[in-house]
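In what follows, every chain begins at residue 1, and chains take the letters A, B, ... in the order their sequences are listed. Keep in mind that the numbers below use all heavy atoms, side chains included, and drop hydrogens, waters and symmetry copies.
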Amino acid sequence: MEELFIQQVYQVVRLIPEGKISTYGAIAKAVGYPNHSRQVGHAMGVCPKDVPAHRVISSSGKLSVPSFRERLEKENVVVQDNWKIKDFKKLFWDPLNEI
DNA sequence: TGTATGACGTCAG
DNA sequence: CCTGACGCCATAC
């Protein structure tokens with residue numbers, strides 16, 4: 001996998017504001033690889049600590065990593081019992097509208 | 001070279 | 001709301 005892709009993914013994720021969230025697919029699209037949502041997921045798994053990986057979730061609005069619930073709730077993001085984000089559409093941050 | 005496996009996405013049922 | 005089937009693409013074996 002291209003190092004450039006990884007770095008670009010990290011850079012975009014670092015732009016997600018506290019209390020907001022985005023999706024794997026949106027990030028992938030933003031860096032020019034529309035069909036690489038899975039690779040974004042992998043990148044999140046090995047990202048440095050300064051990357052807010054907990055703000056990246058699936059397009060269905062649910063957490064792929066349930067353990068991130070705490071970190072999200074610290075940012076006042078409400079996580080429901082089915083691991084879905086409350087007001088997902090309202091909290092969604094689209095990288096395409098920021099670059 | 002082929003198969004299995006992911007922090008995924010979309011669409012039916 | 002949940003599940004399964006596909007499509008997708010890099011990696012591991």
Side-chain angles (χ1 to χ4, degrees):
Chain A
M1 188 144 103
E2 304 173 28
E3 190 59 28
L4 178 61
F5 171 78
I6 301 280
Q7 296 309 320
Q8 289 183 132
V9 167
Y10 292 164
Q11 201 212 291
V12 173
V13 174
R14 277 190 268 252
L15 298 178
I16 305 176
E18 187 177 315
K20 288 284 200 170
I21 55 175
S22 194
T23 70
Y24 300 97
I27 303 297
K29 207 184 315 173
V31 298
Y33 293 79
N35 296 4
H36 288 225
S37 47
R38 292 184 112 112
Q39 282 62 263
V40 172
H42 177 263
M44 291 302 94
V46 298
C47 69
K49 280 187 328 206
D50 69 312
V51 176
H54 59 289
R55 298 180 189 149
V56 183
I57 66 180
S58 70
S59 67
S60 58
K62 120 174 112 178
L63 304 200
S64 292
V65 183
S67 57
F68 279 147
R69 181 174 192 161
E70 278 193 49
R71 297 189 64 182
L72 286 168
E73 298 190 317
K74 273 184 197 167
E75 301 183 354
N76 299 314
V77 173
V78 178
V79 181
Q80 302 166 117
D81 291 336
N82 47 356
W83 302 112
K84 277 191 145 193
I85 299 294
K86 188 177 186 186
D87 298 325
F88 168 61
K89 309 191 83 170
K90 287 300 163 196
L91 300 178
F92 178 65
W93 180 85
D94 190 348
L96 294 177
N97 295 323
E98 310 288 330
I99 302 175

Original post:
Are A:Ser59 and A:Tyr24 close enough, and set up right, to give a side-chain contact (heavy atoms from CB on, under 4.5 Å), and what steps lead you there?
Top reply: CA-CA 7 Å; A:Ser59 67; A:Tyr24 300 97; over 6 Å; no
Original post:
How close or far is atom C1' of C:dC8 from atom CZ of A:Phe5, stated in whole angstroms?
Top reply: 12 Å
**OP:** Tell me what A:Lys62 touches on the nucleic acid: a base, only sugar-phosphate, or nothing, going by heavy atoms under 4.0 Å.
**Re:** nothing
Original post:
Stepwise, does the side-chain contact (heavy atoms from CB on, under 4.5 Å) test hold for A:Phe88 with A:Thr23?
Top reply: CA-CA 11 Å; A:Phe88 168 61; A:Thr23 70; 3.9 Å; yes
Subject >> Sugar-phosphate, base or nothing in reach of A:Ala43, heavy atoms under 4.0 Å >> reply: nothing
**OP:** Mark yes when over 12 heavy atoms from residues, nucleotides or ligands other than A:Lys62 sit less than 6.0 Å from its NZ; otherwise mark no.
**Re:** no
Subject >> Electrostatic pair A:Arg71-A:Glu75, nearest N-O below 4.0 angstrom >> reply: no
Subject >> Along DNA chain C (nearest heavy atom to each residue), the more 5'-positioned of A:Gln39 and A:Asn82 >> reply: A:Asn82
Subject >> Nucleotide C:dC1, atom C1' - distance to CD1 of A:Ile85 in whole Å >> reply: 17 Å
**OP:** From the options C:dC9, C:dC1, B:dC8, select the nucleotide whose nearest atom is closest to the side chain of A:Tyr24.
**Re:** B:dC8
Original post:
Any side-chain N or O of A:Ser37 less than 4.0 Å from the OP1 or OP2 oxygen of B:dC8?
Top reply: no
Subject >> Separation of the C1' atoms in C:dC8 and B:dT5, to the nearest angstrom >> reply: 13 Å
Subject >> Rounded interatomic separation in angstrom, taking CE from A:Met44 and P from B:dG6 >> reply: 19 Å
Original post:
Of all the choices, C:dC1, B:dA7, C:dC8, which nucleotide is nearest to the side chain of A:Asn35 once you look at every atom?
Top reply: C:dC8
Original post:
Could you state the CH2-C1' distance from A:Trp83 to B:dA7, rounded to the nearest angstrom?
Top reply: 14 Å
**OP:** May I have the step-by-step check of salt bridge (Lys or Arg N to Asp or Glu O under 4.0 Å) for A:Glu70 and A:Lys74, ending in yes or no?
**Re:** CA-CA 6 Å; A:Glu70 278 193 49; A:Lys74 273 184 197 167; 5.1 Å; no
**OP:** Whole angstrom is fine here: how far is it from CD1 in A:Ile16 over to C1' in B:dA7?
**Re:** 13 Å
Original post:
Nearest of C:dC1, C:dG7, B:dG9 to any side-chain atom of A:Arg38?
Top reply: C:dG7
**OP:** Quick one: label A:Gly45 by what it contacts on the DNA or RNA (base, sugar-phosphate, nothing), any heavy atom closer than 4.0 Å.
**Re:** base
**OP:** Would you indicate, yes or no, if B:dT10 has its OP1 or OP2 atom less than 4.0 angstrom from a side-chain nitrogen or oxygen of A:Ser59?
**Re:** yes
Original post:
Roughly how many Å is it from CD in A:Glu2 to P in C:dC9, rounded to a whole number?
Top reply: 13 Å
Original post:
If we take the P atom in both B:dA7 and C:dC13, what is their distance in whole Å?
Top reply: 15 Å
Original post:
Reckon A:Lys29 has a side-chain N or O less than 4.0 Å from the OP1 or OP2 of B:dG9?
Top reply: no
